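Below is one structure, written out as structure tokens; comments come after it.
Just follow the structure's listing: the first ligand is 1, and inside any ligand the first atom is 1. Everything numeric in this text was worked out from a predicted model, so none of it was measured. One-based numbering along the sequence shown.
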Amino acid sequence: MPSKKNQAQVKNVEFYKSFHQSNVKERWSKQAIEKLFDLPFNDLLFQAHTIHRQNFDANTVQLSTLLSIKTGGCSEDCGYCPQSARYSTEVENTPILNIDEVIKSAQSAKAAGATRFCMGAAWRGPKQRDLDLVKQMVREVKALGLEACATLGMLKEGQAEELKEAGLDYYNHNLDTSPEYYGDVISTRTYKDRLDTLDRVRAADIHVCCGGIVGMGESRSGRVGLIHQLANMEHPPESVPINLLTQVEGTPLMGTEELDHFEFVRTIAIARITMPQSFVRLSAGRESMDDGIQSLAFFAGANSIFYGEELLTTGNPNTEKDQSLFKRLGIKSN
Ligand code: SAM
Ligand code: DTB
Ligand code: SF4
């Protein structure tokens with residue numbers, strides 16, 4: 001794919017360097033994270049599973065259901081995303097859902113056993129009119145007794161407070177990859193833009209859901225760099241989604257060399273070790289994984305999934321299949 005290395009890329013890396021020189025007491029050095037990646041697989045999984053048991057019930061997995069409340073037509077150029085208006089994919093630009101559609105979908109998610117309902121919108125960030133509608137949706141989701149999560153893009157000053165006031169429990173905003181690789185994937189927003197939104201979410205006392213995508217053609221150092229960012233946040237995210245790239249026809253990352261699934265499980269294990277108290281979510285990509293790989297991911301410390309037949313625009317295992325796997329593994333859900 002054509003490189004998007006440009007001014008923005010240089011800015012990402014410079015910002016990252018100055019940030020680390022000035023500010024951070026590192027909990028996890030890059031070298032320590034690299035060493036974890038280098039461990040024999042069984043040693044790594046043993047360590048991760050031990051830490052998992054010390055912090056969580058190892059047989060319980062949290063279920064979050066996603067709904068795309070505004071699909072397609074997005075102005076951004078994220079190279080993985082079928083919803084960008086810049087790429088020719090099968091996803092169409094559709095208007096924001098009405099409140100009844102959202103309530104219906106949240107009711108079904110609850111009936112199927114989900115405890116959190118996550119609403120995603122293909123925006124660079126919400127306009128005030130959009131935010132008012134989303135706040136209404138959040139109130140309805142909360143009234144059903146579900147936790148509410150939203151992922152709406154970048155937030156401006158004051159917007160996180162408004163969402164908090166409506167009852168939002170979690171805001172999802174991913175760093176996606178390392179600062180060094182970031183500019184190869186996205187040019188329309190910087191790494192710092194993302195960190196600024198995360199700061200706003202944290203300051204508004206909303207739980208942070210922040211992770212990334214692996215299998216985007218990054219080298220192992222890209223995965224090390226992502227974990228390094230997440231694990232050294234002043235307050236690590238409460239929820240860490242680890243997505244395996246779902247390749248979609250028409251996006252620039254279509255045709256990227258597939259990541260070995262064991263390397264994906266390693267990334268989950270290292271998220272668990274470096275962020276022992278966070279929920280680690282086995283996120284996009286489950287449709288391409290067999291039951292054995294998913295079971296290894298649970299053993300390695302994944303304790304949350306996206307549950308329901310669709311992610312935002314792509315497929316996910318159906319609920320019967322997930323329930324059957326849980327039954328075979330003796331996993332309870334909440
Ligand atoms: N538009 C908002 C934003 O980007 O901030 C929110 C929705 S966006 C689709 C949420 C996240 O989904 C992205 O940050 C990315 O990590 C993930 N994602 C999108 N497309 C993906 C794909 N093809 N495979 C894996 N993860 C993907
Ligand atoms: C996250 O980390 N993964 C989810 C959620 N947060 C919003 C999205 C995955 C999207 C996969 C591609 C699609 O379905 O469009
Ligand atoms: Fe837009 Fe979000 Fe997709 Fe990027 S990931 S193109 S911001 S919908």
### Query
Does atom 12 (O) of ligand 1 have a protein non-hydrogen atom under 4.0 Å from it?
no

### Message
Between Lys135 and Asp132, does any NZ, NE, NH1 or NH2 come within less than 4.0 Å of an OD or OE carboxylate oxygen?
### Response
yes

### Task
Kindly identify the option in Pro82, Ala284, Gly285 whose heavy atom sits closest to atom 25 (C) of ligand 1.
Ala284

## Note on the structure
re atom 16 (O) of ligand 1, the protein heavy-atom contact at minimum distance is Asp176 OD1, 2.7 Å

#### Entry: Leu312: numbered ligand 1 atoms lying under 4.0 Å from its heavy atoms
9 (C)

### Query
Can you tell which part of Cys74 has a heavy atom less than 4.0 Å from ligand 1: side chain, backbone, both or neither?
neither

### Message
Between Gln107 and Glu140, is there a side-chain donor-acceptor contact under 3.5 Å, judged purely by atom types and distance?
### Response
no

### Task
Anything with a heavy atom under 4.0 Å from ligand 3 counts, so go ahead and list those protein residues by chain and number.
Cys74, Glu76, Cys78, Tyr80, Cys81, Ser84, Ala122, Trp123, Arg189

What short N/O contacts, under 3.5 Å, does ligand 2 make with the protein, listed by atom pair and distance?
unit_1   : atom_1 : unit_2 : atom_2 : d
ligand 2 : 2 (O)  : Asn174 : ND2    : 2.8
ligand 2 : 2 (O)  : Asn243 : ND2    : 2.9
ligand 2 : 3 (N)  : Asn243 : OD1    : 3.0
ligand 2 : 6 (N)  : Asn172 : OD1    : 3.1
ligand 2 : 14 (O) : Leu312 : N      : 3.0
ligand 2 : 14 (O) : Thr313 : N      : 2.8
ligand 2 : 14 (O) : Thr314 : N      : 2.9
ligand 2 : 14 (O) : Thr314 : OG1    : 2.8
ligand 2 : 15 (O) : Thr313 : N      : 3.2
ligand 2 : 15 (O) : Thr313 : OG1    : 2.7

### Query
Within the structure, does at least one protein heavy atom fall under 4.0 Å of atom 20 (N) of ligand 1?
yes

### Query
NZ/Lys321 to CD/Glu309 distance, rounded to the nearest 0.5 angstrom?
12.0 Å

### Query
Take atom CZ in Phe41; do more than 12 heavy atoms of anything else shown fall under 6.0 Å from it?
yes

### Query
Pick one: which of Ile33, Ile270, Leu259 meets side-chain contact (heavy atoms from CB on, under 4.5 Å) with Arg223?
Leu259

### Task
For Gly153, counting its heavy atoms only, list the atoms of ligand 1 lying under 4.0 Å from any of them.
2 (C), 3 (C), 5 (O)

#### Entry: Reference residue Leu67; test side-chain contact (heavy atoms from CB on, under 4.5 Å); the match among Val102, Leu311, Leu312
Val102

## Note on the structure
atom 26 (N) of ligand 1: closest protein heavy atom, distance to 0.1 Å, is Ile213 CD1, 3.5 Å

### Query
Asn303 side chain to Phe279 main-chain N or O, any donor-acceptor pair under 3.5 Å?
no

### Task
Using distance alone, with no hydrogens and no angle criterion, decide if Ser278 and Glu238 have a side-chain donor and acceptor under 3.5 Å apart.
no

### Message
Counting non-hydrogen protein atoms only, what is the nearest one to atom 10 (C) of ligand 1? Give residue, atom name and distance.
### Response
Thr151 OG1, 4.1 Å

### Query
Counting heavy atoms only, which of Arg189, Met154, Met216 comes nearest to atom 3 (C) of ligand 1?
Arg189

